[in-house]
Amino acid sequence: MLKLLALYFFTTLIHVPITEAKIREYNWEVKYEYKSPDCFRKQVITINGLSPGPTILAQQGDTVIVNVKNKLITESFAIHWHGIRQRGTPWSDGTAWVTQCPIGPGDTVTYEFKADRPGTYVYHAHYGMQRTAGLYGSIQVSLPDGVEEPFAYDFDQSILLNDWYHQSTSAQATGLTSIPYMWVGEPQSLLIQGKGKFNCSSVTLPTNICNTTNPECSPYVITVIPGKTYRLRIASLTALSALSFQIEGHKMTVVEADGYNVEPFEVDKLYIYSGETYSVIVKADQDTSRNYWATTNVISRHPNTPPGLAIFNYEPNEPQQSPPTVPPAGPVWNDTADQFAQSQALKARQGYIHSPPPTSDRTLVFLTTQNTINGYTRWAVNNVSLDTPDTPFLIALKYNLPNVMDQTPPPDTYDSLNYDINNVAKNKNATSSTAIYRLKFNTTVDVIMQNANTMKISHSETHPWHLHGHDFWVLGNGIGKFDLKEDTKKFNLVNPVMKNTVPVFPFGWTALRFQADNPGVWAFHCHLEPHFYLGMGVAFEAGVEKVGKLPTFIMGCGQSRGLLN
């Protein structure tokens, strides 16, 4: 009784309402269906017939249960809940070969996790190249009843941005791992909430394969009521492309990034990289007699893909009524300075600052490079390209199966004194390994991401890096080679933004800090699908001995087969 009274007075004093957590349960069937999201008919991985799949809605503290049946017939898969930290449930992270065996054809598994932080998140396939095939969707985690956001809006809507390829994911994967190397190329279309428009007249195809009158590829419509204010939860799950997003004639105010409130700032266009999520506030305060264009364009790569178009529809205008103007031009694709400036504008909102530890216990400096291994093209971190074992890391470490993975630790740094990041490496060869980074539990780790020239002269790329199981502080970024002595003095320890995904710009660096306080094994990788597929990532282990009994649904491959008896 005394405990209940204490809880009552505590929650009354700080004005936090007691809200009963709920169970949010979803039943999904995952299968291939023929769809025409950009008017071109191809096989798409759907959830209950949808791509993007159903939006998961939850409140902070709720338990989410997703029962998933694999009806792909000939393929396995896994689903990652991107931005959900999986505290206490590392086996539900959904990363094939890191935390689980893939879900086999005909199998049904249950993912269960807690929505421990409010914000905007996503889910997607995390096996092979399957994300590119359409297996993805949105997650909205709202605050408990009675708790208000620090920004006001009338309505809330998720918008998922994607690039779209006509080639199958299996064909793409085969080309990437062939000699000669066959690059996936630029996407054919950009999709806004699963809808785009490919120019069918640009190729000779029968109308049953490509038909621009197909209602499946009619523009996505964002309908607004004049005078109202909207929170648009914008996420990118592109396979390759960095994007801009803008709404003709309207300003957007950025208020949230990857689940954290940020100091508001106004933009005409939002730069967004694969794996990132943002909330922007938009007011429907323009001429109500017409509709407006919402557009997305490729940035950071020389675009060979037309813009993605949606309609920003003012009621009571006809939703599909095209705006009377031409779509606004996108930003200059290689204006790195402007893109860099937006990243630097992201700061934690006053009153919502989570202060980072003032120092770190360990510093990892990761040089990311394009390399060759035995004639095959790969991507590497400190000259080591990640291979994953047949038995997932989490299972191997929990059950002490040391022969599953390489035991030589991967390098903490690279020869920064002698490595020239601005030119093609003299020695392009790398090695591959299944070794992982073992972190001391509850310590603070700094990771410095350093971009360099690829195997093409005067060429470096933007790489968005995503950390599973944690959020990190973005302490700083810059162009050029990171100086461990001088640049650390410039770290923002006052109001750094926390994120789970961050871009590293061409020939540039980004500094992160996180606490290894979540027991398990967690992937940290480039979120561009072909890059991670070719080894551009690492895995971190911390406190695996603290992980509870592993559920059997994650087993059934490699040496874990013997654990099912």
Exercise for review: State the CG-CD distance between Asp258 and Glu276, to the nearest 0.5 angstrom.
Suggested key: 6.0 Å
Exercise for review: Indicate whether any N or O donor in one side chain lies under 3.5 Å from an N or O acceptor in the other, for Glu75 and Tyr127.
Suggested key: no
Review point. Is a salt bridge present between Arg438 and Glu541, judged by a nitrogen-to-oxygen distance below 4.0 Å?
Key: yes
Check your understanding: Think Lys42 forms a cation-pi with Trp164, using NZ or CZ under 6.0 Å from the six-ring centre and within 45 degrees of its axis?
Key -> yes
Point to revise | Worked check of side chain to side chain donor-acceptor pair (under 3.5 Å) between Ser300 and Gln339 | key: CA-CA 9 Å; Ser300 295; Gln339 298 159 25; 3.0 Å; yes
Check your understanding: What are the two closest non-hydrogen atoms of Leu243 and Ser236, and how far apart are they?
Key -> CD1-OG, 4.3 Å
**Study point:** Spatial distance of atom CD (Gln86) from atom OG1 (Thr95) [nearest 0.5 Å]
**Key:** 9.0 Å
**Study point:** Asn383 and Asn371: CA distance, side-chain angles, deciding distance, side chain to side chain contact (heavy atoms under 4.5 Å, CB included) verdict
**Key:** CA-CA 8 Å; Asn383 219 47; Asn371 302 85; 3.3 Å; yes
Review point. With distance as the sole test, does Asn70 use its side chain to make a donor-acceptor pair with the main-chain N or O of Leu72 at under 3.5 Å?
Key: yes
Point to revise | Donor-acceptor contact present, side-chain Asn162 to main-chain Leu237, <3.5 Å | key: yes
**Study point:** Donor-acceptor contact present, side-chain Ser385 to main-chain Leu534, <3.5 Å
**Key:** yes
**Study point:** Donor-acceptor pair, side chain of Lys347 and main chain of Gln344, under 3.5 angstrom
**Key:** yes
Review point. What closest approach, in Å, do Ser432 and Asp406 show between heavy atoms, and which atom pair accounts for it?
Key: O-OD2, 4.5 Å
Review point. With a 6.0 Å cut-off on ring centres, are His466 and His126 close enough?
Key: no
Practice item. May I ask you to check whether Phe514 and Trp473 place their ring centres under 6.0 Å from each other? Key: no
Practice item. Give a yes or no on whether the backbone of Pro187 and the side-chain of Thr305 come within a donor-acceptor separation of less than 3.5 Å. Key: yes
Check your understanding: Between Phe524 and Phe472, what is the ring plane arrangement, given parallel below 30°, perpendicular above 60°, and tilted in between?
Key -> perpendicular
**Study point:** Ring center gap for Phe553 and Tyr111 short of 6.0 angstrom
**Key:** yes
Review point. Taking the side chain from Thr444 and the backbone from Pro357, do they hold a donor-acceptor pair closer than 3.5 Å?
Key: no
**Study point:** ring-ring contact (aromatic ring centres under 6.0 Å, His included) contacts in which one or both residues fall within residues 475-494, not counting sequence neighbours
**Key:** Phe482-Trp509
Study note, to complete from the structure: Rounded to the nearest 0.5 Å, the CG atom of Asp390 sits from the OG atom of Ser560 at a distance of 10.0 Å
Exercise for review: Output, in order, the C-alpha distance, side-chain angles, deciding distance and verdict of side chain to side chain contact (heavy atoms under 4.5 Å, CB included) for Met449 and Val447.
Suggested key: CA-CA 6 Å; Met449 302 303 305; Val447 180; 3.6 Å; yes
Check your understanding: Do any N or O atoms from the side chain of Ser274 and from the backbone of Thr238 form a donor-acceptor pair under 3.5 angstrom?
Key -> yes
Check your understanding: Taking the side chain from Asp163 and the backbone from Ser241, do they hold a donor-acceptor pair closer than 3.5 Å?
Key -> yes
Exercise for review: Check step by step if salt bridge (Lys or Arg N to Asp or Glu O under 4.0 Å) holds for Arg85 and Asp116.
Suggested key: CA-CA 8 Å; Arg85 296 180 295 180; Asp116 68 324; 2.6 Å; yes
Check your understanding: How would you list all residue pairs meeting disulfide bond (SG atoms under 2.5 Å apart) that involve residues 78-133, not counting sequence neighbours?
Key -> Cys101-Cys557
Point to revise | Heavy-atom side-chain proximity of Leu135 to Ile79 below 4.5 angstrom | key: yes
Check your understanding: Taking the six-membered ring for Trp, are Tyr278 and Tyr271 ring centroids under 6.0 Å apart?
Key -> no
Review point. Between Lys426 and Asp420, is there a salt bridge with N-O shorter than 4.0 Å?
Key: no
Revision key, fill the gap. Distance col, row Thr132:OG1 vs Glu529:CD, nearest 0.5 angstrom, shows 4.5 Å
Practice item. Measure the CZ-CE distance between Phe532 and Met129 for me, rounded to the nearest 0.5 Å. Key: 12.0 Å
Exercise for review: Determine, for Arg378 against Asp387, whether the closest basic-nitrogen to carboxylate-oxygen distance falls under 4.0 angstrom.
Suggested key: yes
Check your understanding: Less than 4.0 Å between a side-chain N and a carboxylate O, is that true for Asp517 and Arg87?
Key -> yes
Review point. Quick one: salt bridge (charged side-chain N to carboxylate O under 4.0 Å, His left out) pairs with a partner in residues 474-487, sequence neighbours left out?
Key: Glu486-Lys489, Asp487-Lys490
Review point. Are the aromatic ring centres of Tyr123 and Trp28 under 6.0 angstrom apart?
Key: yes
Point to revise | Aromatic contact, Phe340 with Phe505 (centres under 6.0 Å) | key: yes
Check your understanding: Just checking, is any N or O donor in the side chain of Asp93 or His468 under 3.5 Å from an acceptor N or O on the other one?
Key -> yes
Point to revise | Atom pair CD/OG1 of Gln407 and Thr434 - distance to nearest 0.5 Å | key: 8.0 Å
Check your understanding: Would you say the side chains of Thr443 and Asp361 form a donor-acceptor pair under 3.5 Å?
Key -> no
**Study point:** Side-chain heavy-atom pair Leu176, Trp183 within 4.5 angstrom cut-off
**Key:** yes
**Study point:** Test log, rule side chain to side chain contact (heavy atoms under 4.5 Å, CB included), inputs Ile103 and Ser76
**Key:** CA-CA 5 Å; Ile103 304 165; Ser76 301; 5.7 Å; no
Exercise for review: Using atom types as modelled and distance alone, determine if a side-chain donor or acceptor of Arg117 lies under 3.5 Å from a backbone N or O of Gly61.
Suggested key: no
Exercise for review: Please check if any side-chain donor atom of Thr120 sits under 3.5 Å from a side-chain acceptor atom of Gln140, or the reverse.
Suggested key: no
Point to revise | Ring-ring centroid check Trp465 His527, cutoff 6.0 Å | key: no
Check your understanding: Relative to each other, are the rings of His463 and Trp379 parallel, tilted or perpendicular (30° and 60° limits)?
Key -> perpendicular
Point to revise | Output field: ring centroids Phe540/Phe393 closer than 6.0 Å | key: no
Practice item. Tell me yes or no: between the side chains of Thr510 and Asn477, is some donor less than 3.5 Å from an acceptor? Key: no
Point to revise | Taking every non-hydrogen atom, the tightest pair across Thr391 and Gln559 | key: OG1-N, 2.7 Å
Practice item. Please confirm whether the backbone N or O of Pro411 pairs with a side-chain atom of Tyr437, one donor and one acceptor, at under 3.5 Å? Key: yes
Check your understanding: Please walk me through it: do His82 and Thr277 pass side chain to side chain donor-acceptor pair (under 3.5 Å)?
Key -> CA-CA 10 Å; His82 182 118; Thr277 66; over 6 Å; no
Review point. Under 3.5 Å, is there a donor-acceptor pair linking the side chains of Asn451 and Thr368?
Key: yes
**Study point:** Residue pair Phe441 / Ala542: nearest heavy atoms and the distance that separates them
**Key:** CD1-C, 4.2 Å
Point to revise | salt_bridge(Asp471, Lys499) N-O dist < 4.0 Å | key: no
Check your understanding: Counting heavy atoms not belonging to Asn403, are there more than 12 under 6.0 Å from its CG?
Key -> yes
